Amino acid sequence: MNADDQRLISDCLAGDTAAFGALVTRYQDRLYNTVFRLVTNAEDARDVVQEAFLSAYQSLGAFKGDSLFFTWLYRIAINHAISMKRKQRVVLRLATGLETGAGGEPADRSEATEPGRALEMAEEERRVHRALGRLSPEHRTVLVLKDMEGRKYQEMAEILEVPIGTIRSRLHRARLEMRDILLADEKNAAE
């Protein structure tokens with residue numbers, strides 16, 4: 001475990017709540033980015049991250065240090081995200097608007113942010129998010145962790161508490177399902 005994380009955890013267990021605040025500050029953005037990809041809604045992602053930190057704080061005494069604190073925290077957040085998705089009925093949500101700088105101009109003037117390109121990229125991102133939303137929570141989770149977050153199989157197995165073979169199998173099926181969904185959407189759009 002990271003020595004600084006270990007010190008902060010010890011301080012927190014000794015009653016220093018500011019120490020846990022330092023852990024929140026350190027990990028909240030990374031956690032939010034992953035959770036957002038799982039729940040595809042900013043408000044839901046914030047709720048899940050908040051619940052994950054609350055659960056982690058309440059269970060901090062049970063943290064054994066066998067894995068990195070962040071891996072343990074990730075596992076908690078992903079479990080909360082999966083639980084939330086199971087409770088919700090399937091609702092497709094579209095991302096709103098484009099990020100703009102002062103005066104309504106794109107914040108970055110590179111070729112990738114030209115109006116036509118930005119719209120194409122935004123539409124492609126919406127297609128992927130819609131397709132992700134149609135996957136089962138287990139398939140969506142492994143796809144986000146591996147293909148979007150770049151996690152290693154061992155880390156994914158620790159986070160999800162399943163064997164590496166299960167991770168590989170779910171990832172293979174998730175990629176096939178995602179491909180089929182995107183191809184079907186493309187075919188339907190062309191008709």
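Values in this document were obtained by computation on a predicted structure and should not be read as measured data.
Screening I76, V24, V48 for a side-chain contact (heavy atoms from CB on, under 4.5 Å) with F53, the sole residue that qualifies is V24.
Residues A174 and L135 approach most closely at O-CD2, 4.3 Å, considering heavy atoms. Closest non-hydrogen pair, V142 versus M156, comes out as O-CE, 3.6 Å. Smallest separation of non-hydrogen atoms from A45 and Y32: CB-CE1, 3.4 Å. Shortest non-hydrogen contact noted between A157 and P163 is CB-C, 4.3 Å. Minimum heavy-atom separation, I82 to P137: CG2-CB, 3.7 Å.
Counting only heavy atoms from C-beta outward, the side chains of E51 and V35 never approach each other to under 4.5 Å. Within the 4.5 Å cutoff, no side-chain heavy atoms of T166 are placed close to those of L160. In this structure, E186 and R127 have side chains that are in contact, with non-hydrogen atoms separated by less than 4.5 Å. Contact of the L60 side chain with the C12 side chain is registered, since non-hydrogen atoms from C-beta on lie closer than 4.5 Å. Looking only at side-chain heavy atoms (C-beta outward), V162 and E138 stay at 4.5 Å or farther from each other. Looking at heavy atoms from C-beta onward, Y27 lies out of side-chain contact with V49 at the 4.5 angstrom threshold.
Taking a 6.0 Å sphere around CD of Q50, one finds it holds 12 or fewer heavy atoms contributed by other residues, nucleotides or ligands.
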Notebook entry, point to check: Which is it for I9 and L23 under the side-chain contact (heavy atoms from CB on, under 4.5 Å) test, yes or no, and what are the steps along the way?
Noted result: CA-CA 8 Å; I9 290 167; L23 290 168; 3.9 Å; yes
Next item on the list: Please lay out, stage by stage, how T71 and R75 fare under the test side chain to side chain donor-acceptor pair (under 3.5 Å).
Entry: CA-CA 6 Å; T71 301; R75 185 179 309 129; over 6 Å; no
Checklist line | Trace of the side-chain contact (heavy atoms from CB on, under 4.5 Å) decision for V128 with M178 | finding: CA-CA 9 Å; V128 169; M178 184 75 158; 3.8 Å; yes
Next item on the list: Test I167 against R151 for side-chain contact (heavy atoms from CB on, under 4.5 Å), laying out the working first.
Entry: CA-CA 11 Å; I167 297 293; R151 301 279 168 216; over 6 Å; no
Check: Given D185 and R134, is the side-chain contact (heavy atoms from CB on, under 4.5 Å) satisfied, shown in steps?
Finding: CA-CA 12 Å; D185 287 351; R134 292 166 55 191; 2.9 Å; yes
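A donor-acceptor pair under 3.5 Å links the side-chain atoms of S10 to the main chain of Q6, judged by distance alone. S59 places no side-chain N or O within donor-acceptor distance of the main-chain N or O of A62, the cut-off being under 3.5 Å.
Here the CG atom belonging to L73 is positioned 5.0 Å from the CG atom belonging to L31, to the nearest 0.5 angstrom. For the atom pair NE2 (H172) and NE2 (H139), the distance works out to 10.0 Å, reported to the nearest 0.5 Å. Note that CZ of R140 and CD1 of I78 are 11.5 Å apart. Values are rounded to the nearest 0.5 Å. The CG atom of L8 sits 8.5 Å away from the CG atom of D16 when rounded to the nearest 0.5 Å. Rounded to the nearest 0.5 angstrom, R170 CZ and E177 CD are separated by 13.0 Å. Distance check: L176 CG to L171 CG gives 9.5 Å after rounding to the nearest 0.5 Å.
Under a hydrophobic-cluster definition in which Ile, Leu, Val, Met, Phe, Trp and Tyr are linked whenever side-chain heavy atoms come within less than 4.5 Å, directly or via other members, L182 and M148 are assigned to the same cluster. By the criterion of side-chain heavy atoms lying less than 4.5 angstrom apart, applied directly or through intervening Ile, Leu, Val, Met, Phe, Trp or Tyr residues, I164 is grouped together with V144 in one hydrophobic cluster.
Note: F20 and F69 have perpendicular aromatic rings, judged against thresholds of 30 and 60 degrees for the angle between ring planes.
Under the salt bridge (Lys or Arg N to Asp or Glu O under 4.0 Å) criterion, R175 pairs with D147, sequence neighbours left out.
Judged purely by distance below 3.5 Å, without hydrogens or angles, the side chains of R30 and T34 never pair a donor atom with an acceptor atom.
Remark: aromatic rings of F70 and Y74 are close, center separation under 6.0 Å.
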